[in-house]
Undergrad: 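Can you keep this structure in mind? I'll have questions shortly.
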Amino acid sequence: MPLAKKPLNAPSFLKRAGTDKLREVFLKYASLQKDGEHYMTNEDFVRKFLGLFTEAAFNDESVRLLAGIADTSKDGLISFSEFQAFEGLLCTPDALYRTAFQLFDRQGNGMVSYADFADVVQKTELHSKIPFSLDGPFIKRYFGGKKQRLINYAEFTQLLHDFHEEYAMEAFRSKDPAGTGFISPLDFQDIIVKVKRHLLTPNVKDNLVAVTEGHKVSFPYFIAFTSLLNNMELIKQIYLQATQGNRHEPVTKDQLLYAAQTMSQITPLEIDILFQLTGAVYQTGRIAYSDLNNIAPEHYTKHITHRLAEIKAVESPADRSAFIQVLESTYRFTLGSFAGAVGATVVYPIDLVKTRMQNQRTGSFIGEIAYRNSWDCFKKVVRHEGFLGLYRGLLPQLMGVAPEKAIKLTVNDLVRDKLVDKNGDLPTWAEVLAGGCAGASQVVFTNPLEIVKIRLQVAGEIATGSKISALSVVRELGLFGLYKGARACLLRDVPFSAIYFPTYAHTKALMADQDGYNHPLTLLAAGAVAGVPAASLVTPADVIKTRLQVVARSGQTTYTGVWDATKKIMAEEGPRAFWKGTVARVFRSSPQFGVTLVTYELLQRLFYVDFGGSQPKGSEMPKPKVPLDNVISGTKITADHIGGYRAALPLLAGIESKFGLYLPRFGRGTASSSSASASASASSSTPSTATGS
């Protein structure tokens, strides 16, 4: 029974494309019509639709093999039903292995024979450099002594996993014909570069000889080294266990050894090699999470983010000129303006309630208390002023909040960029300083905005009062009057930002997944959580600022400054008055900054511009650290790659990077002759090398 098909109850990790839209894309690329039906040829599917092997001297056989993944009938043509079926397969959780299985399923019967397996292996670049014995005991254990046993999908996944480990051992034996158990450092480098190419980052590749310290490499060391490369994701988990989830804390060898005791797959020799390798690269004696990321390759893209725009402003960080840095700040300012406006609009009714509660005085004004609590205030505003009364003063708020939030986010990012160390880490004091600078910078916009907004918000409390507008408030106050209460504003905004931004950064890191990636919901939650301590702890400064900026009515106490207001509020109303509106302030600030920050970071994902600087941590798609010297990794997803096909290129790159199955890129040849040659060689017991690679 064919096992390559998608199970009916398999969950989809990507949203399936609609049939009509998928057919529209299919017909766009299908160049052949037969008996009234449209078909894609191998070149239509691989070269035109997927965008692979676009060079004039492309390798025909590689194109045919890749097209055969979707061509389950193996007739050299891809029908719409096959095109749609492959799109569904790409949405399955084990799509990587299923795609690899269909590459080897040369007959389309849901099984892999010895001839199928040999046919594909002999066409890979690795086999052309280090031939694998297709008549050895490893092959016979899987396909039987006569090599007639068929392998189903589940068994194939284990075969594929074990194949490259066996390949490495066979390569070692070929370099050690005398059976001494040792190979030279150069032979070690040659094997690793050829057999484990898909697991090498530039840092590892450049230090393969250095890590041996000029000594011969023993077989146990060789096996431990390859095992370490295979288990780097597990090493990351051990590191996080040793640091209790802190990605910035360096660890010693003893700390990592202690944490690794619970993992039987990791040996002390592998830990020794890890520190030898990081020592050759960084020479610090300790390991941080960023070191592991630079050693471990990303096998394939795990987070497929749809970007509305993607611009590369510079080729490398070294090209960052002063002009580029100004452009980067302008870009951040623009996105911050929009994000701030969105956040302010969402929570404005809560802000209005907070302001009216803080302005309510119990010691100096004769008369009934207007509002018993925040909920009572909300109901009375809606009853007496209508729903739109909740948005009184919104327009000047939006006009001011856009640049206010923009400059706060921009300055925070700018100062953080300047204070980051060579490893990309930021000490806590630098995070606090960056936040404080951001808070101080925003006051130039915040104070005029706040004083106009507050006077408009409290205007609705007086039923007989004349109607006022933002313009009339500005005219009445004048330029200097707009900065009344600026010291109180600084007293509130500097500590708020100094608390908020570091708390947000650390909360976001704690909520990130094992790869350090943040889902939008975790960004929203981190922003909201960070707002609780920041908003509540600075409420006394906010109360003082409100009292200074509101026009005192007849019978109410007036204040001449921050210290005067502090003394009079304490004397007349007691210490509890300083915490008026705390709940409303928290309920306003937490969601507002949560919405603002998630909008800001999502905009940077959707409208991605690489200025050669830093991107928000947790917002980046994992970047492949393996050298991009193969055709698949260098190809971009297009607008026609819809539904499951958004994962096609990352998964095909994963077949190369996870399993090492690199197909020749160049060298034209006829598919028929190549196929015949492969079949003939598969049936013989002598391994042959692929040509045209």
Side-chain angles (χ1 to χ4, degrees), residues 1-5 61 64-65 68-69 72 74 94 96-181 183 191 194-196 198 219-220 222-223 226-227 230 655 658-663 672-691 693:
M1 180 179 67
L3 295 176
K5 306 298 183 185
E61 189 62 27
R64 186 178 70 85
L65 282 172
I69 298 174
T72 54
K74 308 304 176 185
D94 58 342
L96 182 67
Y97 276 95
R98 289 191 175 276
T99 302
F101 179 75
Q102 294 203 177
L103 175 66
F104 282 85
D105 181 11
R106 307 296 298 133
Q107 307 305 316
N109 59 3
M111 306 292 282
V112 174
S113 66
Y114 165 74
D116 293 334
F117 187 76
D119 181 29
V120 176
V121 167
Q122 289 172 344
K123 291 179 174 63
T124 62
E125 292 185 0
L126 176 58
H127 187 79
S128 69
K129 297 172 182 176
I130 303 179
F132 185 83
S133 175
L134 294 170
D135 195 36
F138 174 81
I139 292 296
K140 291 180 179 179
R141 282 196 294 270
Y142 273 94
F143 292 100
K146 296 182 179 180
K147 294 175 286 189
Q148 294 178 346
R149 184 174 181 273
L150 300 180
I151 301 293
N152 63 27
Y153 168 69
E155 294 170 331
F156 170 81
T157 60
Q158 192 62 43
L159 165 63
L160 199 57
H161 175 272
D162 296 343
F163 173 63
H164 267 281
E165 303 315 304
E166 182 66 24
Y167 216 132
M169 288 189 283
E170 187 164 311
F172 186 96
R173 287 191 291 267
S174 71
K175 299 290 185 180
D176 179 30
T180 63
I183 58 175
I191 294 174
K194 289 177 180 176
V195 178
K196 295 296 182 180
H198 55 294
F219 182 72
F222 176 81
I223 292 299
T226 57
S227 176
N230 290 330
I655 290 177
K658 185 174 177 65
F659 306 128
L661 298 173
Y662 293 90
L663 296 173
S672 58
S673 63
S674 300
S675 179
S677 172
S679 299
S681 62
S683 61
S684 67
S685 60
T686 306
S688 62
T689 59
T691 59
S693 61

Undergrad: For the backbone of Lys123 and the side chain of Glu61, can you confirm whether one donor and one acceptor N or O come within less than 3.5 Å of each other?
TA: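 Answer holds: no.
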
Undergrad: Can you see which heavy atom on Val120 is nearest to which on Leu103, and at what distance?
TA: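 Scanning both residues, the minimum pair turns out to be CG2-O, 3.7 Å.
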
Undergrad: Taking the side chain as every heavy atom from C-beta outward, state whether Val112 and Arg106 have any pair of such atoms under 4.5 Å apart.
TA: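 Contact flag for Val112/Arg106 side chains = no.
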
Undergrad: Rounded to the nearest 0.5 Å, what separates atom CG in Leu160 from atom CG in Leu96?
TA: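 So the gap between those two atoms works out to 8.5 Å.
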
Undergrad: Sequence neighbours left out, what passes ring pair (Phe, Tyr, Trp, His ring centres under 6.0 Å) with Phe156? Give chain and number order.
TA: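 Partners of Phe156 under the ring pair (Phe, Tyr, Trp, His ring centres under 6.0 Å) test: Phe101, Phe104.
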
Undergrad: Atom CG of Leu150 and atom CG of Asn109: how far apart are they, to the nearest 0.5 Å?
TA: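 Nearest 0.5 Å value for the CG-CG distance: 7.0 Å.
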
Undergrad: Can you find a pair of side-chain heavy atoms, one from Asp135 and one from Lys147, that are under 4.5 Å apart?
TA: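 They are in side-chain contact.
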
Undergrad: Any chance you could measure Asn230, atom CG, to His161, atom NE2, to the nearest 0.5 Å?
TA: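 Rounded to the nearest 0.5 Å, the CG-NE2 separation comes to 6.5 Å.
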
Undergrad: Salt bridge check: are Asp105 and Lys74 linked by an N-O gap of less than 4.0 Å?
TA: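 Salt bridge: no.
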
Undergrad: Sequence neighbours excluded, which residues qualify as side-chain hydrogen bond (donor to acceptor under 3.5 Å, both in side chains) partners of Arg173?
TA: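 Result, side-chain hydrogen bond (donor to acceptor under 3.5 Å, both in side chains) vs Arg173: Glu166.
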
Undergrad: Tell me, please, which residues at least two apart from Lys194 pass salt bridge (Lys or Arg N to Asp or Glu O under 4.0 Å).
TA: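 Applying salt bridge (Lys or Arg N to Asp or Glu O under 4.0 Å) to Lys194 gives Asp190.
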
Undergrad: Given side chains that start at C-beta, do those of Asp94 and Thr157 come closer than 4.5 Å, heavy atoms only?
TA: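 A side-chain contact under 4.5 Å is absent here.
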
Undergrad: Determine the minimum heavy-atom distance between Asp176 and Gly181, stating which atoms define it.
TA: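 Heavy atoms of Asp176 and Gly181 come nearest at OD2-N, 2.8 Å.
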
Undergrad: Using side-chain contact (heavy atoms from CB on, under 4.5 Å), reason through Leu159 and Phe143 one step at a time and then give a plain yes or no.
TA: CA-CA 10 Å; Leu159 165 63; Phe143 292 100; 3.9 Å; yes

Undergrad: At their closest point, which heavy atom of Glu170 faces which heavy atom of Ser133, and how far apart are they?
TA: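 In this case the closest contact between Glu170 and Ser133 is OE2-N, 2.7 Å.
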
Undergrad: Holding to side-chain hydrogen bond (donor to acceptor under 3.5 Å, both in side chains), I want the full list of residues that pass it with Gln158, two or more places apart in sequence or in another chain.
TA: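 Gln158 satisfies side-chain hydrogen bond (donor to acceptor under 3.5 Å, both in side chains) with Asp162 only.
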
Undergrad: Listed by chain and number, what are the side-chain hydrogen bond (donor to acceptor under 3.5 Å, both in side chains) partners of Ser113, not counting sequence neighbours?
TA: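 Residues passing side-chain hydrogen bond (donor to acceptor under 3.5 Å, both in side chains) with Ser113: Asp116.
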
Undergrad: Please test Ile223 against Glu165 for side-chain contact (heavy atoms from CB on, under 4.5 Å), starting from the C-alpha separation and ending with a verdict.
TA: CA-CA 9 Å; Ile223 292 299; Glu165 303 315 304; over 6 Å; no

Undergrad: Which residues satisfy the salt bridge (Lys or Arg N to Asp or Glu O under 4.0 Å) test with Arg149, sequence neighbours excluded?
TA: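 Once residues adjacent in sequence are excluded, the partners of Arg149 under the salt bridge (Lys or Arg N to Asp or Glu O under 4.0 Å) criterion are Glu155.
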
Undergrad: Can you tell me how far the NZ atom of Lys175 sits from the OG1 atom of Thr180, to the nearest 0.5 Å?
TA: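 Answer rounded to 0.5 Å: 13.5 Å.
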
Undergrad: How far does CE of Met169 sit from CZ of Phe222, to the nearest 0.5 angstrom?
TA: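 If I round to the nearest 0.5 Å, the distance is 9.0 Å.
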
Undergrad: Show the nearest heavy-atom pair for residues Val121 and Thr124, with the distance to one decimal.
TA: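 Heavy-atom minimum between the residues: O-OG1, 2.7 Å.
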
Undergrad: Can you name the residues that form a side-chain hydrogen bond (donor to acceptor under 3.5 Å, both in side chains) with Tyr97, not counting sequence neighbours?
TA: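 In terms of side-chain hydrogen bond (donor to acceptor under 3.5 Å, both in side chains), with neighbours along the sequence ignored, Tyr97 is linked to no residue.
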
Undergrad: Sequence neighbours excluded, which residues qualify as ring pair (Phe, Tyr, Trp, His ring centres under 6.0 Å) partners of Phe163?
TA: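 In terms of ring pair (Phe, Tyr, Trp, His ring centres under 6.0 Å), with neighbours along the sequence ignored, Phe163 is linked to Phe117, Phe132, Tyr167.
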
Undergrad: Could you check whether any side-chain N or O of Tyr114 sits under 3.5 Å from a backbone N or O of Leu134, counting only pairs where one atom can act as donor and the other as acceptor?
TA: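 Indeed, once roles are kept as given, a pair shorter than 3.5 Å links the two residues.
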
